[in-house]
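First comes the structure, then the notes that go with it.
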Amino acid sequence: MSGCKAFAITTALTTVLAAGAAGCATVPSGGQVASGRSVGRAEPYDDPYVRMVPVRPKQGWLPDQIVTGFLTASAGFDDQHRTAAEYLARGTVWRPDPLPSVIMYDDSTLQLVQTRTQGDRVTLEVQGTRLGSIRPDGQYEAADRKQLKETFELAKNAAGQWRIVRLPDSLVTGLLLSGRDVNRAFRSRNLYFFAPDNRVLVPNTIFQPLVNRRELPAQLVRAVLSGPTTWLKPAVRTAFPSGTRLAGEGVVVADGVATVNLSKEALKGDRAGMSAQLMWTLRQLPEVGRLKLEIDGDPAPPPGVGEVQSPRDWAHNDPDAAVGEGPHQAYLRDGSDHLSQLLADDRVLRPAVLDDDRLQHPAISLDARSVAGLNEAGDTVLTGDLAGGGPLQVALQARQRGARFTTPSWDRNGNLWAVETTPKASWLWIKQRGRPAIRISDWGLGGYEVRALRVALDGVRVAAIVRHDEHGRIEIGRIAAGAQGLTAEEFLPISAEIADAVDLAWQNAGQLAVLGRAKGKSTQQLPYTVPISGGSVQPIGNAVPADMQSIAAAPDSPVLIGATVPVENRPGQTAERVCRLQDPRDQFSAWQCPVAGAAPAYPG
Amino acid sequence: MKAWKRRVRRLLAALRRLVRALWRRSYTGWRRSIQARVVATTLVASAIVVVVLGMFLMQQITTALLDGKEKAALLQLDEGLGQVQQQLLTAPIADPGVGSPTGSDTRARLEDVANRLKARSGPTGLYEVYLRDTLDDYSDGFATNELRPQSVPERLRRQLAQDRNGSRDRTFGELSYIGRPTVPGLIVGSRVGRFEVYYLFPLTQEQRTLTVVARALAGVCVVLVLLLAAIASLVTRQVVIPVRLAAQAAERLAAGRLEERMKVRGEDDLAGLAMSFNGMAVNLQEKIRELENLSKVQRLFVSDVSHELRTPLTTIQIAGDLLYEHRDTFEPAVARSAELLQNQLERFESLLADLLEISRHDAGAATLDAESVDVRDLVLKAVEDTEGLAENKGSKLILQLPGEPCMAEVDRRRVERILRNLLVNAVEHGEGKDIIVSVGADRDAVAMAVRDHGVGLRPGEAQMVFDRFWRADPARARTTGGTGLGLSISREDAQLHGGWLQAWGEPGVGSQFRLSLPRAAGAELRGSPLPLVPPETELVRAPFAELDGDRP
């Protein structure tokens, strides 16, 4: 009887519950407005990417098909190139992982030429145009469209299939990839190393294959531990003692905290320096918010900082920190050729501390105490003391007849840099504070005409526009201490997209603002941001004024352009104007030229 | 090792014992308690119902969730197909291999499409895309992110190859990734011309949702089942408690407390039960009272008859005595009659005296005239009285008396009567063999035992000897002319003292009667100083006839 009753109750309760659940299961169609923050930063590291799926060699493929298949399959990085390795005969040595050296070719120019058939061996030559290469340490080098010639030897294996028995020497630890393959499979990443003064960090851009997103933190840390690329090595220092490796589980990222476990060798190193390098390198990843340093499994907090470090602890190592934060004071040559400050409301203020402040292309030192500029002829660099006043002094005098100076540039140590250049050659002038200026003839760009040279805020890298075949090419060099003291050397072209550059400025540690012409896109000079890493360039603003001569940029500050624009209501007449974006925060807003003047400059 | 094994074995044994004990306890609980049975049944039944309902609900939710996902997936696929159509099919396609040897123009464009499609997936990775050109010899298409192309199951590829151009297929499978664990996923695909387009949707979010729902559902189910069990327990309590009360009342009634009644509450079925129970109790009480009255009347009648017979008997006795005294003057035959008359009159008189005595006991009029005496004296007196009779029978009376006095508060007359009775019986049934009379005493009690070695008692007779007018052998002639009431009266006398009178006997071995009395009149008797069964028979270990004496 009671069992029956209980059953009835069960049924009733279930019905009520089901009815209630049915009533609750509706989506709200009204209610309060809930606001929330963006869930995650949109980082290039988390951009979806595309992988090519390689295929195995098919039955009965001819030698040229095998080589074609091998070249195509080597663009697939899955499982340590296991698929591509199937194109090789057994015993052929090929070690492309984990860090391959890559030769990049132009896809449209590639040809396979069967050069020789000797018995059962066939030799094939791959011909094409070289676009560039990536060294095993990740350093990218653009090549001057050199001719590519690599020979492959093939033979039939036991199953009667053609296989590659000998690779060209350059490919034993490397890959031959098309530009498209590299774009697809490689990503540029920044490693951070210390400038020689051990204060500022310098980004070192490397190219790494996209292998596994989860492995990326460890991949980055390993790259930092293995040191800067050969290009930057003489110019920077690393805080890690040599031989430092990852120990134990390596890098573990949990709840936004990256725990990096270093081997015993790190005990000798400077913990603060190591932490700063790791923090700056790892903070590029959206999942890493803080850092915990361990050495041989034991927590190793740097002095003065807690066990869990945040990026704020190492903000003073910012590569852009040399001139402080926030918008920087801009200077210009005003309408009457005097040095003036550009105020935020577009007004112009003349400090007038100097007896005579008429300077072409003024450059202000980072501490804003000194000014340098060219005379009207451009063959003399004049300097003045903005704090003390007085007359302008001749700092550098061109020695070559017909030579002229580029716009001078100050580095963060107060050294003045300028290039004396003729269409055939150039000489680097360095004036260190309190010492006589030195003139270096065998520097990195000694044999070329240099249109502009700017020292980066970190004082380690230098950007230059070099004339090659009537075109201005952007190159980045390093500043290192040579036999005669400082020198700039090892210039590498960074972007193949800008065909002809006129002027440039460092926007921040990773980007240049360039006035130039993009290849195949425009015939007009346009302002672009050019990433040092070799990524794609972005135009700045629209409705660009016609004739631009100079560009100025600084971290967190609006980009300024000196241009010659037609005067309103007076056709045929032009005037020199300084232009800025209508809305400095919006890269696509229109250019406006409200200020009369020329040659805008930020300190540096 | 061995010790360890032993310990394990011991542990196992303990565990087994525990389980068995638990099982036994629950089994008895199950058998004894309606409540436990109802609650258990409800638990099982409701658990089955709830589990079935929960599974059904879960399936409904899963289906609804996946249906929505499938619809969204097919829409996404349509968009991808549009892209492929626009970018690859409408534009003229160069043959693979034309252009450059390694990269066909089509492949580059396929990659562009893949790039465009992956960009729509967004950083959250809502889906992965896998594009494939079936005519490209050198590449197996493009996959996004870490997705492995093996994630597209072979059955879907086959189906796609068989299907008409542009039809959409879908299936569920495992998405495998490079360097990440596989996740369940929904895979939709379609073929446009030579191109295959697959969209792979990880179902991790759906799985998480379902897990949350399942957990919630399981929690609700458990609570529901427990709730139902609690309700069943509550409901059965309402029924079981009155039933238990009724059982208790019936038990008390059975124990003789006839005034026991049940409380009647309300007008429901249980109230009906209580009322009929009470009616039954009233009827029972009335019947028993009637019977009691009837037996009282009977006893009164016997007592009255005995009294009434006394007066005429006295007259007859005087007359009989007269006749007996003058028997010498009669003829021999008449003289013999006078002798017989005298005999039977004596017998009649003792019978009447016994009847009176027993009716006095029945009426509760027997009183104890207790005084402190040495029991040994009483025994000696009784033995003296019966010695003559024993000699006649050829029996010898052997006394086993303790050395010190055995003082007890007893009614001298009654105890003498009991002893005499026992001795006479022993002589009568002793077949001329020895009769042993023993006395024992301890702190609280004294005991007297009379042992004969006669025919003994058959099983069951040790009780019956105390019944009124019982005879061991109805055919046997009574030489001593016992009334058949002697042992009954003796027992009544013993009980009046608060003592026991018990018999033991075995055929062919003899019998023993034991009288145990408390030393203080009215005190409770806990044990007897003498054994009921003679020790020598215990040693022989003959099969016991009767051990159970009648303990009041």
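In what follows, chains carry the letters A, B, and so on, assigned in the order in which the sequence lines appear, proteins first and then strands, with residues in each chain numbered from 1. Computation of the quantities below employed the complete heavy-atom set of this structure, encompassing side-chain atoms and omitting hydrogens, waters and symmetry-equivalent molecules.
- Applying the ring pair (Phe, Tyr, Trp, His ring centres under 6.0 Å) criterion to A:Phe186, with sequence neighbours excluded, gives A:Phe77.
- Contact of B:Ile178 with chain A is made through backbone and side chain together, with heavy-atom distances under 4.5 Å.
- Of all heavy-atom pairs spanning A:Thr72 and B:Ser139, the tightest one is CG2-CB, 4.4 Å.
- Residues of residues 53-66 of chain A that come within less than 4.5 angstrom of chain B, heavy atom to heavy atom, are A:Val53, A:Pro54, A:Val55, A:Lys58, A:Trp61, A:Gln65 in numerical order.
- How far CG of B:Leu110 is from CE of A:Met52: 11.5 Å, rounded to the nearest 0.5 Å.
- Note: B:Leu147 leads B:Val39, B:Leu147, B:Leu224 in heavy-atom pairs under 4.5 Å with chain A.
- Proximity to chain B (any heavy atom under 4.5 Å) is restricted, for A:Asp79, to the side chain, taken from C-beta onward.
- The salt bridge (Lys or Arg N to Asp or Glu O under 4.0 Å) analysis of residues 58-69 of chain B, with sequence neighbours excluded, yields the pairs B:Lys69-B:Glu206.
- By the 6.0 Å contact criterion, CD on B:Gln150 is enclosed, its count of non-hydrogen atoms from other residues, nucleotides or ligands being greater than 12.
- Distance alone, capped at 3.5 Å, is enough to place a donor-acceptor pair between the A:Arg51 side chain and the B:Asn145 backbone.
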Show your working on side chain to side chain contact (heavy atoms under 4.5 Å, CB included) between A:Arg180 and B:Asp112 and close with a plain yes or no. CA-CA 10 Å; A:Arg180 191 173 260 279; B:Asp112 289 341; 3.4 Å; yes

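- Within the 4.5 angstrom heavy-atom criterion, only side-chain atoms of B:Tyr130, from C-beta onward, approach chain A.
- Take B:Phe142 and apply the ring pair (Phe, Tyr, Trp, His ring centres under 6.0 Å) test, not counting sequence neighbours, and it matches no residue.
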